[in-house]
Amino acid sequence: MDKPLPKSDPIFKSAKKRVAKVLKPIADDVPLTEEQIHEVRVCTKKLRALLQLYRPVCSKSALRSVDHSIRNLARAFSSARDAYVQYAMLERMTRAFNEDNQNNLQPLLDHYCIHVAQEDVIPAAVDVREGFDELLHIWRQKIKLKATPNFVDGLNYAYKHARKLAYDAESSDDDELYHECRKWVKYYLYQLQMLVKDKRPKDKTYIRSLEKLGICLGDFHDRCVLERSLNRLLEDDAQHNLDLESAGLLMVTWLMEQKRQDKETCQHLFEKLFSRTHNPVKL
């Protein structure tokens, strides 16, 4: 018979600690800053990483319920975040592109600047607090354990899942598998950062390489989001604006090349980080 979550459960205690830390600087009567929005989103990802540690000792349905609550909270910031990230990436890529080309991509930047302003809708601080409170309540109610969580087993699960997805992505060249791999690489990375206290020099080196992989997979994901957005633009608005259409086509073509380079970098790091069958970092 599954047992209720004990008050001393270290995973839940760590989750509450993460939530308290991110909520501490947030004032109810002041709009969230861009940095606070980023911290809230990172917190939700770390909570999802902690949740995976229950996998060997908890039912999948219970984990899905809590994970669904975490994702709902994260989605409250998705529109503003995606619009901002798309514009920031487009701005960086335009600067790099214009170093070697004379094409005018300003119409594209102007269009996305307006898009950012339209999507800049941020939940109130009180709603964020209520969202985290509700999430922790669901966590406490839903998680029932078959045995005491074993951090080593949890880490090994995340490592093996990330490893499998890495090699599946490399062999298939499927963008969606790279996205799924990104998620599990981040879970594994956050788990290492939160659980490994006395890191050996080789552990620190390994974690730094894992951070590089996370960044590369994140950049690849953002390029894919921007590519989809640009393709929608070309199907709709750009058809009535030749300058915008020309700039959009140039950027989509260059994005495809940048994505290819991202994949090559990721594949190099896959081979470096996932050559072993088990998690190489010890607790």
Side-chain angles (χ1 to χ4, degrees), residues 10-53 65-93 109 112-140 179 182-197 207-208 210-226 229:
I11 300 175
F12 184 68
K13 287 174 68 175
S14 181
K16 290 201 299 182
K17 183 178 179 181
R18 301 288 159 189
V19 170
K21 182 178 180 181
V22 79
L23 290 180
K24 185 176 180 179
I26 295 177
D28 288 344
D29 56 346
V30 179
L32 273 67
T33 66
E34 185 179 307
E35 179 61 25
Q36 287 172 336
I37 293 168
H38 174 71
E39 291 300 323
V40 167
R41 287 181 58 85
V42 170
C43 181
T44 61
K45 293 175 183 177
K46 289 186 176 181
L47 293 181
R48 294 183 77 185
L50 286 169
L51 193 64
Q52 309 313 314
L53 295 169
S65 294
V66 181
D67 187 66
H68 181 72
S69 297
I70 299 173
R71 286 188 286 115
N72 280 345
L73 181 59
R75 279 198 199 102
F77 301 91
S78 293
S79 294
R81 184 268 178 190
D82 288 346
Y84 172 78
V85 168
Q86 285 177 27
Y87 181 76
M89 172 162 280
L90 186 63
E91 196 174 34
R92 291 196 305 271
M93 293 186 68
L109 282 175
Y112 275 85
C113 185
I114 296 171
H115 183 56
V116 168
Q118 292 173 338
E119 295 292 343
D120 192 17
V121 179
I122 306 301
V126 65
D127 294 329
V128 175
R129 291 183 184 280
E130 289 177 357
F132 274 117
D133 286 344
E134 176 65 15
L135 162 61
L136 291 175
H137 174 73
I138 292 172
W139 190 314
R140 168 66 74 183
H179 300 333
R182 173 184 63 93
K183 181 172 72 176
W184 279 91
V185 164
K186 284 295 186 73
Y187 288 166
Y188 176 53
L189 170 62
Y190 288 145
Q191 288 174 2
L192 290 178
Q193 291 173 335
M194 290 185 283
L195 297 178
V196 183
K197 304 302 181 184
I207 290 173
R208 282 195 296 269
L210 196 63
E211 289 170 345
K212 290 179 182 178
L213 175 58
I215 291 170
C216 187
L217 286 166
D219 286 344
F220 176 78
H221 170 74
D222 290 339
R223 292 193 218 280
C224 289
V225 172
L226 178 57
S229 176

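All values below come from the heavy atoms of this structure, side chains included, with hydrogens, waters and symmetry mates left out.
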Measure across [X] and [Y] and return the closest heavy-atom pair with its distance rounded to 0.1 Å.
X    : Y    : value
V128 : V40  : CG1-CG2, 4.4 Å
R182 : L217 : CD-O, 3.5 Å
I70  : R48  : CG2-CG, 3.5 Å
R41  : T44  : O-OG1, 2.6 Å

To the nearest 0.5 Å, what is the distance between [atom1] on [X] and [atom2] on [Y]?
X    : Y    : atom1 : atom2 : result
C216 : L213 : SG    : CG    : 7.0 Å
R223 : D219 : CZ    : CG    : 5.5 Å
I37  : I26  : CD1   : CD1   : 9.0 Å
L51  : S65  : CG    : OG    : 10.0 Å
H221 : K183 : NE2   : NZ    : 11.5 Å
Q191 : L53  : CD    : CG    : 4.0 Å

Any side-chain heavy-atom pair of Q36 and P25 under 4.5 Å: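 Yes; the side chains approach each other to less than 4.5 Å.
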Beyond-backbone contact of E211 with R208, side-chain heavy atoms, under 4.5 angstrom: yes
K212 NZ: over 12 foreign heavy atoms closer than 6.0 Å: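 Open: at most 12 neighbouring heavy atoms sit under 6.0 Å from NZ of K212.
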Trace of the side chain to side chain contact (heavy atoms under 4.5 Å, CB included) decision for V19 with L135: CA-CA 10 Å; V19 170; L135 162 61; 5.5 Å; no
D133 vs H137, side-chain hydrogen bond (donor to acceptor under 3.5 Å, both in side chains): CA-CA, chis, key distance, verdict: CA-CA 6 Å; D133 286 344; H137 174 73; over 6 Å; no
Residues forming a side-chain contact (heavy atoms from CB on, under 4.5 Å) with [X], sequence neighbours excluded:
X    : result
E91  : Y87, R95, L109
V42  : H38, K46, Y190
C224 : D175, H179, F220, R228, K259
K13  : none

N/O donor-acceptor pair under 3.5 Å between R18 side chain and L47 backbone: no
From CA spacing to verdict: side chain to side chain contact (heavy atoms under 4.5 Å, CB included), W139, L50: CA-CA 11 Å; W139 190 314; L50 286 169; 4.3 Å; yes
Residue list, salt bridge (charged side-chain N to carboxylate O under 4.0 Å, His left out) with R71, at least two apart or on another chain: D67
Partners meeting ring-ring contact (aromatic ring centres under 6.0 Å, His included) with Y187 (sequence neighbours left out):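 With sequence neighbours excluded, Y187 shows a ring-ring contact (aromatic ring centres under 6.0 Å, His included) to W184, given in chain and number order.
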Criterion side chain to side chain contact (heavy atoms under 4.5 Å, CB included) on E39 and K21, from CA distance to verdict: CA-CA 10 Å; E39 291 300 323; K21 182 178 180 181; over 6 Å; no
